[in-house]
Each structure stands twice: as C-alpha cells, then as structure tokens.
Peer 1: 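One structure coming up, written as structure tokens, with questions to follow.
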There are 2 protein chains.
Amino acid sequence: MEPGYSSKQARATAQLRKGVLEYCVLALMRDRPRYGVELLAALEDSGALATSQGTVYPLLSRLRRDDLVTTTWQESAVGPPRRYYALTDGGRAALEEFTLLWPGFRDAVDAFLNVPRPSPGDPA
Amino acid sequence: MEPGYSSKQARATAQLRKGVLEYCVLALMRDRPRYGVELLAALEDSGALATSQGTVYPLLSRLRRDDLVTTTWQESAVGPPRRYYALTDGGRAALEEFTLLWPGFRDAVDAFLNVPRPSPGDPA
DNA sequence: GCCAGGTATCTTGCATCGCATGGAACCAGG
DNA sequence: CCTGGTTCCATGCGATGCAAGATACCTGGC
C-alpha cells in the first residue's frame with residue numbers, strides 16, 4: 001500500500017478506527033486467548049478494520065497496563081514463543097459496557113447520514 | 001462535570017467521535033448552511049454525539065482549510081453576526097464517500113461485538 | 001558453522017483529533 | 001456603565017493510529 005494517506009478514505013478509516021479497535025480486539029479474546037499476529041490476521045480478514053503491527057502492539061500494551069488483559073507465554077512448534085492475551089474480569093466488563101454503548105452511537109451516525117436501516121417496526 | 005475522564009464511558013465515546021464528527025457536521029450542512037452554535041445544538045440533540053465548542057470550532061476551521069466548506073457572514077437580529085458554513089463540491093463529495101464507507105465499518109464492528117442487527121434476508 | 005527467510009514481539013517518532021479552558025466581540029435591558 | 005446572553009475563536013493537553021525499524025526464535029540450505 002502507498003504510505004502517507006494518498007486517499008481521503010484512508011484518512012477517514014484511520015480516524016474511524018480510533019476507540020473502536022480497542023474493543024474489537026477485546027471482543028476477539030472473548031472466547032479464547034489470542035496472540036498478536038493472530039489478532040492482526042482476524043482484523044485483516046474483517047476488511048474494514050485491517051491495521052498494522054505498529055497499531056496492535058502498543059494497543060495490547062495499553063490493555064495490559066490497564067489490567068484489561070493478562071498474558072501468558074506459550075511455545076510454538078513453528079517459530080518463536082507467542083504471548084497469549086486473555087480477558088480479565090475488568091476487560092470483560094469494559095467489553096460489555098462498550099457493547100451497550102455502541103448501538104446508540106451507531107444509530108446516531110446512521111441518522112445524520114440518512115443511511116436507511118432495516119427497522120422492525122418502522123411506520124409504513 | 002468532573003474534568004479528566006472519570007468514567008470509562010466518557011473516554012470511550014470521546015475516542016468514538018474521532019473521525020465521525022467531521023462527517024456528521026458535513027451531513028448537517030447537506031440541505032442548508034448552518035452556523036456554529038446551531039451545529040452544536042443539533043449534535044447535542046442527537047445524544048450520542050453531544051460535544052463542546054472547543055471541539056466544533058477547530059473542526060470547522062479544518063473543514064474550511066481543506067476547502068470542504070465555504071463561509072458567509074450574516075447578521076443576526078438577536079446577537080452578534082453568525083458565520084454560516086455551506087458545503088462545497090469537495091465537501092459534498094467527501095460526505096458521499098464517507099456515506100459509502102460507513103456501512104462497511106459499522107457492520108464490521110457489529111460483527112466483532114456480536115451485536116445482532118435486523119437483516120432483511122437472514123436465514124430463518 | 002553460517003546465512004537467508006518466515007514467524008513473532010516490541011519501540012520510536014509523528015500526525016491527527018476531541019476536549020477543557022479561556023478570551024473576545026456584539027447586542028439588549030436596567 | 002454594567003450585567004447577561006449569544007456567537008465566534010485560540011491554546012495546550014491527552015489519547016491513539018501508523019510507518020518504520022529493531023530484536024529474537026526457528027528451520028533449512030550450503
């Protein structure tokens with residue numbers, strides 16, 4: 001990819017990620033511990049939230065600093081050891097808070113943009 | 001209000017606004033020019049995107065700097081003159097680009113959070 | 001033994017943007 | 001003149017995504 005924000009989309013999505021990435025990463029750890037490159041690949045697969053190591057590792061450090069995750073080293077058969085990240089109770093609580101917060105934010109933006117959304121009980 | 005982010009929600013929503021506020025403000029100008037305090041009130045009414053003057057005015061300066069809006073002064077019967085902001089062609093294009101970009105981002109976050117959304121053609 | 005390539009982790013410096021705070025100008029009423 | 005409401009703007013800070021680079025482990029070829 002070209003570095004340096006050649007398109008407006010790139011700049012827009014970069015700003016969009018702020019604050020959301022943290023909780024998407026927490027969400028990925030909901031069912032089982034994950035390690036850095038694994039998280040990176042999952043975000044890549046999502047398309048809209050693809051990012052880089054330089055974003056994910058500082059983010060993971062912050063999560064650890066704030067006691068939202070704990071980490072354990074685990075050996076790998078195919079490379080260097082991996083640091084697995086798992087949710088703490090605090091991390092799980094933060095994820096749930098955000099999950100409650102998100103729909104309101106999402107719907108507000110939809111309303112401003114006049115994006116039609118399928119709503120179950122909309123009038124006519 | 002207590003300064004300094006006493007709650008996690010406040011911090012989360014603050015980060016959430018980044019990059020979205022710009023386009024919601026542009027969207028508010030879609031039908032007619034608006035002035036600063038008017039935009040502030042509209043954001044306040046939305047609830048989830050309520051913000052302050054210290055956020056909106058620097059944002060409007062950036063929009064003007066990037067030629068996404070033009071401004072005209074207009075006298076007011078009840079106070080000092082108002083600076084009305086109107087979309088340029090570039091601003092309208094940026095808004096349309098973002099309107100196309102947003103659903104993909106929104107749906108990606110929904111997927112990570114496992115937030116169920118009503119979809120027209122979901123299987124059973 | 002040595003080097004190349006893939007896997008995996010982390011750091012540094014920068015740019016962007018929301019926000020609290022404070023200031024300035026205009027107008028009306030007492 | 002002075003208070004209060006309305007409207008505009010600037011400054012400094014904190015948080016965060018990102019490009020670029022550094023470090024370390026493992027396997028395989030020579």
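Both backbone and side-chain heavy atoms feed into the values below; hydrogens, waters and symmetry mates do not. Residue numbering restarts at 1 for every chain, and letters A, B, ... go by the order of the sequence lines.
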Peer 1: Calculate, to the nearest 0.5 Å, the distance between atoms CZ and CG belonging to F112(B) and L43(A) respectively.
Peer 2: 5.0 Å

Peer 1: May I ask you to evaluate whether R62(B) reaches the phosphate of dC17(C), defined as a side-chain N or O under 4.0 Å from OP1 or OP2?
Peer 2: yes

Peer 1: At what distance, to the nearest 0.5 angstrom, does CG of L16(B) lie from CD of E22(A)?
Peer 2: 10.5 Å

Peer 1: Which nucleotide sits closest to the side chain of S52(A): dC19(C), dG14(D), dC18(D)?
Peer 2: dC18(D)

Peer 1: Would you kindly give the CG-to-P distance between L40(A) and dA8(C), to the nearest whole Å?
Peer 2: 11 Å

Peer 1: Could you write out each protein N or O paired with an N or O of nucleotides 1-10 of chain D at a distance under 3.5 Å?
Peer 2:
from: dT7(D); atom 1: OP1; to: Y35(B); atom 2: OH; distance (Å): 3.1
from: dT7(D); atom 1: OP1; to: R82(B); atom 2: NE; distance (Å): 3.2
from: dT7(D); atom 1: OP1; to: R82(B); atom 2: NH2; distance (Å): 2.8
from: dC8(D); atom 1: OP1; to: R83(B); atom 2: N; distance (Å): 2.9
from: dC8(D); atom 1: OP2; to: G36(B); atom 2: N; distance (Å): 3.3
from: dC8(D); atom 1: OP2; to: V37(B); atom 2: N; distance (Å): 3.0
from: dC8(D); atom 1: OP2; to: Y57(B); atom 2: OH; distance (Å): 2.6
from: dC8(D); atom 1: O5'; to: Y57(B); atom 2: OH; distance (Å): 3.3
from: dC8(D); atom 1: N4; to: Q53(B); atom 2: OE1; distance (Å): 2.8
from: dC9(D); atom 1: OP1; to: R83(B); atom 2: NE; distance (Å): 2.4
from: dC9(D); atom 1: OP1; to: R83(B); atom 2: NH2; distance (Å): 2.4
from: dC9(D); atom 1: OP2; to: Y85(B); atom 2: OH; distance (Å): 2.8
from: dC9(D); atom 1: N4; to: Q53(B); atom 2: OE1; distance (Å): 3.4

Peer 1: Which ring pair (Phe, Tyr, Trp, His ring centres under 6.0 Å) pairs, counting each pair once, include a residue from residues 63-100 of chain A, with sequence neighbours left out?
Peer 2: Y23(A)-F98(A), Y35(A)-Y84(A)

Peer 1: I'd like a table of atom pairs between the protein and nucleotides 1-3 of chain C - only N or O on both sides, under 3.5 Å - with the distance next to each one.
Peer 2:
none

Peer 1: Run the side chain to side chain contact (heavy atoms under 4.5 Å, CB included) test against T99(B) and tell me which residues pass, sequence neighbours left out.
Peer 2: L113(A), V115(A), L95(B)

Peer 1: In whole angstroms, how far is the P atom of dA15(C) from the NZ atom of K18(B)?
Peer 2: 15 Å

Peer 1: I'd like to know whether CG of D45(B) has more than 12 heavy-atom contacts from other residues, nucleotides or ligands below 6.0 angstrom.
Peer 2: yes

Peer 1: Under the salt bridge (Lys or Arg N to Asp or Glu O under 4.0 Å) rule, collect the residues that match up with E38(A), sequence neighbours excluded.
Peer 2: R32(A), R34(A)

Peer 1: Please output the side-chain donor-acceptor pairs of residues 48-71 of chain A that fall under 3.5 Å, not counting sequence neighbours, one pair per line with the distance.
Peer 2:
from: T51(A); atom 1: OG1; to: T55(A); atom 2: OG1; distance (Å): 3.3
from: S61(A); atom 1: OG; to: Y57(A); atom 2: O; distance (Å): 3.2
from: T71(A); atom 1: OG1; to: R83(A); atom 2: NH1; distance (Å): 3.1

Peer 1: Please evaluate residues E96(B) and L100(B) with respect to the criterion side-chain contact (heavy atoms from CB on, under 4.5 Å), reporting the C-alpha separation (whole Å), side-chain torsions for both, the decisive distance (0.1 Å), and the verdict.
Peer 2: CA-CA 6 Å; E96(B) 288 178 12; L100(B) 260 49; 5.7 Å; no

